[in-house]
There are 2 protein chains.
Amino acid sequence: MPSMVSEKTIERLSLFHRLLKDLQDDDVTHVYSHQLATKAGVTAAQLRRDVMVVGYTGSPSKGYDVKQLSLSIANFFEDPEGETAVLVGMGNLGRAILAYFNGRRPKLHIVACFDSDPHKINRVIHNCRCHPSDKIGEIVSKGEVRVGAITVPAAAAQKVADELVALGIKGIMNFAPVHLKVPPDVFVEGIDLALSLEKVAYFARQKNK
Amino acid sequence: MPSMVSEKTIERLSLFHRLLKDLQDDDVTHVYSHQLATKAGVTAAQLRRDVMVVGYTGSPSKGYDVKQLSLSIANFFEDPEGETAVLVGMGNLGRAILAYFNGRRPKLHIVACFDSDPHKINRVIHNCRCHPSDKIGEIVSKGEVRVGAITVPAAAAQKVADELVALGIKGIMNFAPVHLKVPPDVFVEGIDLALSLEKVAYFARQKNK
DNA sequence: TTAACAATGTTATTCTTTTCACAATAGATA
DNA sequence: TATCTATTGTGAAAAGAATAACATTGTTAA
Ligand SMILES: NC(=O)c1ccc[n+]([C@@H]2O[C@H](COP(=O)([O-])OP(=O)(O)OC[C@H]3O[C@@H](n4cnc5c(N)ncnc54)[C@H](O)[C@@H]3O)[C@@H](O)[C@H]2O)c1
Ligand SMILES: NC(=O)c1ccc[n+]([C@@H]2O[C@H](COP(=O)([O-])OP(=O)(O)OC[C@H]3O[C@@H](n4cnc5c(N)ncnc54)[C@H](O)[C@@H]3O)[C@@H](O)[C@H]2O)c1
């Protein structure tokens, strides 16, 4: 196993994993790299290269065994009983995300939510009771959860991040438009929709020239 | 001006632009590359390299003139009176995004929303009346809007994308977890939160080893 | 049995992006 | 004025990612 796999490869493997599960639902047993690659929107060469890192090997004539490859990727991710996460900031975006991940979605369950607004505290939203955010440390014991999502206003994001780090959280999805400072043993994925939209607008202008 | 600027550079320039506006609000007149870079979470060398593409040049002793650099980036983006966009899918996520962009946010206004659910049609949400999605072509005239956001279930996303493309839209933000097939003159930014979260979970596991 | 085929695993190559390094420069200092 | 300092702009080097190329291999069919 290579000591470090790139973020891009992890994203694609996760995507392949999802597509493979869809294929399984449709009772497809085998798939060729170029077929799966087309569904994923990548090249076959890249898919094969990504698949290398999980150690699974397909057959030149049958292609990949859907079930086996799916298992190999799951095994590579080594996420046995599904990850749990906490979410801080039960505003518009926080509620949408909670609905999404705690809906029919099986994996990665959000087990606790927090907000500072007294009107939201103790309300149960999407099977998740909203707790006061200054009680995080009491409700979630250190090391209990590895992943956190931040959907509070930009001004509060760093403070929340510090609290999550203190809780022992090692991965953060940050939707607030600020760069978070965290220790090197914490992974931050910054999702800045305003920037993404500006980018889309820029390239849209480029395209119709 | 280089004919093609990378997506990464556009994202960072947009980020710098935002940070420069914040500095202006605080009446800061000059800033050094390493200061701005720290706020942005990138290296100073990278920032300087990005700034090259907009053609602005700073002073070795004063650094960058905040106002001038901000103007230079805005000018490079050449987005005169602010972009407009349409949004299809007024579910949980669609409403959150609408609230976000049509709130105090000045730029990039969502001018029309669509949904197929009769219960949602004609309801006014965040200053935006929800129209029936099969009437897009009647409500938005071709070429009127350049950017679209898709927040419908995965199964409906490609169909919606086709309709947007037919409308002359050149840039799409797609939140549905599917790869969209569009003509080469349309730019698609796929935002797949489930994949992002899986990635965070993976690296969180890696980190605490 | 063996040749032909089509798809894989993997190495080599190309292309892109980031980092490094440093000459050039504007101002501050004496 | 001459010198010193800190920062810029940018070519060159390094690192990283995608693509191409091809030898290898399991299967089919003559
Ligand atoms: N809504 C979107 O689609 C969207 C898009 C892009 C980015 N964002 C970002 O996501 C964040 C949330 O956006 P939103 O639209 O949901 O805003 P929102 O105002 O609807 O929700 C913010 C929530 O955070 C809570 N909060 C504030 N300070 C807190 C604290 N210290 N601890 C715990 N909770 C706290 C508030 O009570 C509120 O419920 C913002 O940073 C915003 O910039 C949102
Ligand atoms: N909610 C989230 O945080 C979240 C996160 C990641 C991805 N997504 C994706 O975003 C999309 C929307 O998610 P959501 O949680 O808002 O779902 P949702 O079910 O709340 O909303 C979907 C909306 O789309 C409408 N719709 C369905 N078919 C349509 C059509 N053909 N034309 C127009 N409107 C149509 C529905 O009436 C509904 O209002 C999904 O693809 C989902 O996978 C959502």
Side-chain angles (χ1 to χ4, degrees), chain A residues 1-16 20 23 28-70 72-73 76 179 190 195 199 203 206, chain B residues 1-16 20 23 28-70 72-73 76 179 184 190 195 199 203:
Chain A
M1 71 200 87
S3 58
M4 197 53 184
V5 180
S6 79
E7 284 189 41
K8 295 273 185 68
T9 293
I10 293 300
E11 278 183 6
R12 284 190 299 260
L13 283 173
S14 182
L15 171 56
F16 301 151
L20 288 166
L23 288 175
V28 177
T29 60
H30 291 82
V31 69
Y32 293 120
S33 63
H34 63 267
Q35 296 175 314
L36 193 53
T38 300
K39 282 185 205 290
V42 303
T43 65
Q46 191 162 71
L47 182 147
R48 294 205 300 275
R49 177 148 261 271
D50 289 335
V51 167
M52 275 183 73
V53 315
V54 308
Y56 173 79
T57 208
S59 143
S61 42
K62 299 276 186 195
Y64 298 111
D65 180 306
V66 171
K67 195 163 188 176
Q68 288 305 312
L69 178 53
S70 183
S72 294
I73 296 175
F76 169 82
H179 174 74
L195 291 192
K199 180 173 74 167
F203 284 107
Q206 295 293 105
Chain B
M1 71 202 86
S3 57
M4 197 53 184
V5 179
S6 79
E7 284 189 42
K8 296 272 186 68
T9 293
I10 294 300
E11 278 182 5
R12 284 189 299 259
L13 283 173
S14 182
L15 172 55
F16 301 151
L20 288 166
L23 288 174
V28 177
T29 62
H30 291 81
V31 69
Y32 293 120
S33 63
H34 64 267
Q35 296 175 314
L36 193 54
T38 300
K39 283 184 204 290
V42 302
T43 66
Q46 191 162 66
L47 181 147
R48 294 205 299 275
R49 186 146 279 272
D50 288 335
V51 167
M52 276 182 74
V53 314
V54 307
Y56 173 80
T57 208
S59 144
S61 41
K62 299 275 187 194
Y64 297 111
D65 181 305
V66 170
K67 194 163 188 176
Q68 287 306 312
L69 178 52
S70 182
S72 294
I73 295 175
F76 169 80
H179 173 75
L195 291 192
K199 180 172 74 168
F203 284 107

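Lettering of chains follows the sequences in order, A, B, ..., and the numbering in each one begins at 1. Computed from a prediction, not measured in an experiment: that's the story for all the values here. Only this structure's heavy atoms are used, side chains among them; waters, hydrogens and symmetry mates stay out.
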**Q.** Protein-nucleotide distance (B:Arg48, atom CZ; C:dT17, atom C1'), rounded to Å
**A.** 16 Å

Q: Can you tell me the distance, in whole Å, between the CD atom of A:Glu7 and the C1' atom of C:dT17?
A: 15 Å

**Q.** Taking every non-hydrogen atom, the tightest pair across A:Leu23 and A:Leu36
**A.** CD1-CD1, 4.3 Å

(Q) Restricting to non-hydrogen atoms, name the atom on A:Val51 and the atom on A:Tyr56 that form the minimum distance, rounded to 0.1 Å. (A) CG1-O, 3.8 Å

Q: Taking all heavy atoms of A:Val5 and all of B:Phe203, pick out the closest pair and write down the distance.
A: O-CZ, 3.7 Å

Q) Do any side-chain nitrogens or oxygens of B:Ser33 fall under 4.0 Å of OP1 or OP2 in D:dT7? A) no

Q. If you take all heavy atoms of A:Lys62 and A:Tyr32, which pair is closest and at what distance?
A. C-CE2, 3.5 Å

Q) Could you give the NE2-to-P distance, from A:His34 to D:dA20, as a whole number of Å? A) 16 Å

Q: Whole angstrom is fine here: how far is it from NZ in B:Lys8 over to P in C:dC15?
A: 19 Å

Q) Roughly how bent is the helix from C:dT1-D:dA30 to C:dA30-D:dT1 end to end, in steps of 10 degrees, with each end axis from five pairs? A) 10°

(Q) Of the listed nucleotides (D:dT28, C:dG9, D:dT8), which one gets closest to any side-chain atom of A:Lys62? (A) D:dT28

Q: Kindly say if B:Ser59 contacts the phosphate of C:dA26, meaning a side-chain N or O under 4.0 Å from OP1 or OP2.
A: no

Q: Name the nucleic acid region contacted by B:Thr9, choosing base, sugar-phosphate or nothing; use a 4.0 angstrom heavy-atom cut-off, strictly under.
A: nothing

**Q.** Residue pair B:His179 / A:Thr38: nearest heavy atoms and the distance that separates them
**A.** CD2-O, 4.3 Å

Q. Which nucleotide in the list C:dA7, C:dT18, C:dT19 gets nearest to the side chain of B:Arg12?
A. C:dT18

Q) Does a side-chain N or O from A:Ser61 land closer than 4.0 Å to OP1 or OP2 of C:dA7, or not? A) no

Q.
Please report the distance, rounded to the nearest Å, between CE in B:Met52 and P in C:dT18.
A. 14 Å

Q: Give, for atom NZ of A:Lys199 and atom CG of B:Leu15, the distance between the pair rounded to the nearest 0.5 Å.
A: 12.5 Å

Q) For B:Asp65 and C:dG27, what is the distance between atoms CG and P respectively, to the nearest whole Å? A) 12 Å

Q) How about B:Lys39: does its NZ atom have over 12 heavy atoms from other parts shown lying under 6.0 Å from it? A) no

Q. Is any side-chain N or O of A:Tyr64 closer than 4.0 Å to OP1 or OP2 of C:dG9?
A. yes

Q) For A:Gln46 and D:dA21, what is the distance between atoms CD and C1' respectively, to the nearest whole Å? A) 16 Å

Q.
What is the separation between atom CZ on B:Arg49 and atom C1' on D:dA14, rounded to the nearest whole Å?
A. 13 Å

Q | Residue A:Ala45, side-chain heavy atoms: nucleotide from D:dT8, C:dT17, D:dA20 that is nearest | A | D:dA20

